[in-house]
Amino acid sequence: MEKSHENVKAFGWAARDTSGVLSPFNFSRRVTGEKDVQFKVMYCGICHSDLHQLKNEWSNSIYPMVPGHEVVGVVTEVGSKVEKFKTGDKVGVGCLVGSCRKCENCDNDLENYCRDQIMTYNGVYTDGIPTYGGYSDIMVTNEHYVVHWPENLPMEAAPLLCAGITTYSPLRYYGLDKPGMHIGVVGLGGLGHMAVKFAKAFGTKVTVISTAVSKKDEAIDRLGADSFLVSRDPDQMQGAAGSLDGIIDTVSAIHPLLPLINLLKTHGKLVMVGAPEKPLELPVLPLLLGRKLVAGSAIGGVKETQEMVDFAAKHNITPDVEVVPMDYVNTALERLLKSDVKYRFVLDIGNTLNKN
């Protein structure tokens, strides 16, 4: 059903400046276009990158800013040429709402590497209109960037759309998904705990590597990791030298790479998915002596994101979340800054976003 060219009223929570403090915000969404899906937002995850963007720590923030790129909801309207979705469908939108659709990356379902990608929030559409994310009551998104949300997957598992795909994609692409392999996961936060769950579901043996010995019990007992290494313990690290086929490094703080490279077998792969703000030191000789690889990975394309949520539904993989009401968002962000959450906050938008 097409409407006149009036904008659709929307309501959410936005930051107005680099304080990053969020408060209620009335704004407009575009009218549902012929290839658009409009949906009522039910849940939205709080990603660590939301913190960086809210405070302009990456020097690219646009205010007012409505964050949120782990968004799950229910379709309320579809455009006349939408083919994949109908009213009432459960859907998800991750980090992207646009790309050029013409480049080699887009042709290969790698919209996440398109140079003209449009981020779900703090981005700009080609007509100059800013993008607003999922801390809001409705979204209007081109159907190409929307995924079907499986019926048996809880909607509060929204962090799969960022934390999930960010760890699933490198495990698959770098071939670290073969049963019997031994995979290391560095860091046990929002990304790390998903890396453990996916790696275990692929049938690999998983070792969690952390600076905090206090995380051993949760890594093994709660998340099902097979073993645990304290990265600050030289004896433990030396004892595990040459034992890992691959490592997913989720840490965004400055940290040494040499101890991790030494854990790899010949041909081992160290894949970075965290983004430290300063360059890390990379010793080259240990790479040469084992034909080892240091690589990176960022989220995933739409097709792979769909594959990931389907895999998660099939294997009953969900993030460990703390569901909170919308008006708790500023407190949640403060707690996230202190890593005081196991392991991801999710905003209950559908039940708690009140306009008064």
Side-chain angles (χ1 to χ4, degrees), residues 108-110 112-113 150 153 157 159-210 219-229 231 236-237 239-251 257 259-274 286-320 343:
N108 289 309
D109 298 307
L110 296 171
N112 50 314
Y113 299 119
L153 198 58
L160 286 171
L161 295 165
C162 176
I165 189 61
T166 296
T167 50
Y168 177 93
S169 183
L171 287 166
R172 298 284 282 184
Y173 178 78
Y174 291 105
L176 304 177
D177 57 349
K178 310 293 184 292
M181 279 186 159
H182 192 171
I183 306 301
V185 175
V186 188
L188 201 59
L191 293 175
H193 93 288
M194 289 311 308
V196 172
K197 292 188 181 204
F198 279 126
K200 286 299 295 180
F202 289 137
T204 71
K205 181 181 176 184
V206 177
T207 293
V208 170
I209 303 149
S210 175
I220 293 173
D221 299 339
R222 177 171 177 161
L223 296 173
D226 299 281
S227 53
F228 186 87
L229 288 174
S231 55
Q236 281 192 27
M237 296 293 279
S243 65
L244 301 180
D245 295 284
I247 296 173
I248 303 294
D249 185 346
T250 71
V251 174
L257 297 182
L260 302 176
I261 293 168
N262 287 341
L263 293 174
L264 293 170
K265 297 177 182 177
T266 301
H267 300 154
K269 299 164 185 173
L270 170 59
V271 187
M272 316 296 291
V273 295
L287 300 180
L288 310 186
L289 297 179
R291 197 150 67 176
K292 298 175 183 180
L293 191 71
V294 178
S297 184
I299 54 171
V302 180
K303 182 180 179 183
E304 188 176 43
T305 302
Q306 184 69 65
E307 176 191 302
M308 179 273 305
V309 294
D310 292 343
F311 180 89
K314 181 179 178 183
H315 294 273
N316 198 26
I317 297 169
T318 56
D320 291 15
Y343 291 89

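These numbers come from the heavy atoms of this one structure, side chains and all, not from hydrogens, waters or symmetry mates.
Between Val206 and Ala199, the closest heavy-atom pair is CG2-CB, 3.6 Å. Residues His267 and Lys292 come closest through the heavy atom pair N-CG, 4.4 Å. Residue Ala313 comes nearest to Pro150 through the heavy atom pair CB-CB, 3.6 Å, listed as atom of the first residue, atom of the second, then distance. For Val271 against Gly296, the heavy-atom pair with the smallest separation is CG1-C, 4.1 Å. When all heavy atoms are compared, the tightest approach of Ile209 to Gly184 is CD1-CA, 4.1 Å. Shown here for Ala163 and Met194, the closest heavy-atom pair between the two residues is O-CB, 3.9 Å.
In this structure, the side chains of His182 and Thr204 stay at 4.5 Å or more apart for every pair of heavy atoms. Side chains of Leu223 and Lys197 form a contact here, defined as non-hydrogen atoms less than 4.5 Å apart. Side chains of Leu229 and Val208 form no contact here, defined as non-hydrogen atoms less than 4.5 Å apart. Inter-residue side-chain proximity for Leu257 and Leu270 is flagged as met; some heavy-atom pair is nearer than 4.5 Å. For the pair Ile261/Leu263, no side-chain contact is recorded, criterion being any heavy-atom separation below 4.5 Å from C-beta on. A heavy-atom distance below 4.5 Å is found between the side chains of Ser210 and Phe228. Looking at heavy atoms from C-beta onward, Thr250 lies out of side-chain contact with Met272 at the 4.5 angstrom threshold. Between Leu287 and Leu293 the shortest side-chain heavy-atom distance does not fall below 4.5 Å.
Not counting sequence neighbours, the partners of Phe198 by the ring pair (Phe, Tyr, Trp, His ring centres under 6.0 Å) test are Tyr168. Under the side-chain hydrogen bond (donor to acceptor under 3.5 Å, both in side chains) criterion, Ser227 pairs with Thr207, sequence neighbours left out. Take Asp310 and apply the side-chain hydrogen bond (donor to acceptor under 3.5 Å, both in side chains) test, not counting sequence neighbours, and it matches Gln306.
Remark: Lys200 engages Asp226 in a salt bridge, criterion side-chain N to carboxylate O under 4.0 Å. Salt-bridge annotation for Asp320 and Arg222: present, with a side-chain N of the basic residue lying under 4.0 Å from a carboxylate O of the acidic one.
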Task: CA sep, side-chain torsions, deciding dist, call: Leu171, Ile183, side chain to side chain contact (heavy atoms under 4.5 Å, CB included) - done: CA-CA 9 Å; Leu171 287 166; Ile183 306 301; 4.2 Å; yes

TODO: Could you check Leu153 against Val309 for side chain to side chain contact (heavy atoms under 4.5 Å, CB included), going step by step and ending with a plain yes or no?
DONE: CA-CA 8 Å; Leu153 198 58; Val309 294; 4.3 Å; yes

TODO: Quick one: do Thr305 and Leu160 satisfy side chain to side chain contact (heavy atoms under 4.5 Å, CB included)? Show the steps, please.
DONE: CA-CA 9 Å; Thr305 302; Leu160 286 171; over 6 Å; no

TODO: Applying side chain to side chain contact (heavy atoms under 4.5 Å, CB included), run through Met181 and Phe202 and close with a yes or a no.
DONE: CA-CA 9 Å; Met181 279 186 159; Phe202 289 137; over 6 Å; no

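Within the model, atoms CG of Leu110 and NZ of Lys303 stand 10.0 Å from one another, a figure rounded to the nearest 0.5 Å. Taken from CZ in Arg291 to OG1 in Thr266, the straight-line distance is 9.0 Å, to the nearest 0.5 Å. To the nearest 0.5 Å, atoms CG (Asp245) and NZ (Lys205) are separated by 10.5 Å. Between the CE atom in Met308 and the CG atom in Leu161 there is a gap of 5.5 Å [rounded to 0.5 Å].
One N or O on the side chain of Asn112 and one on the backbone of Gly301 form a donor-acceptor pair closer than 3.5 Å. In this structure, Asp249 contributes its side chain and Val251 its backbone to a donor-acceptor pair below 3.5 Å. Put simply, the side chain of His315 never gets that close to the backbone of Ala312: no donor and acceptor are under 3.5 Å apart. A donor-acceptor pair under 3.5 Å is formed between the side chain of Ser243 and the backbone N or O of Ala240.
Residue Lys314 places its NZ atom among 12 or fewer non-hydrogen atoms of other residues, nucleotides or ligands, all under 6.0 Å distant.
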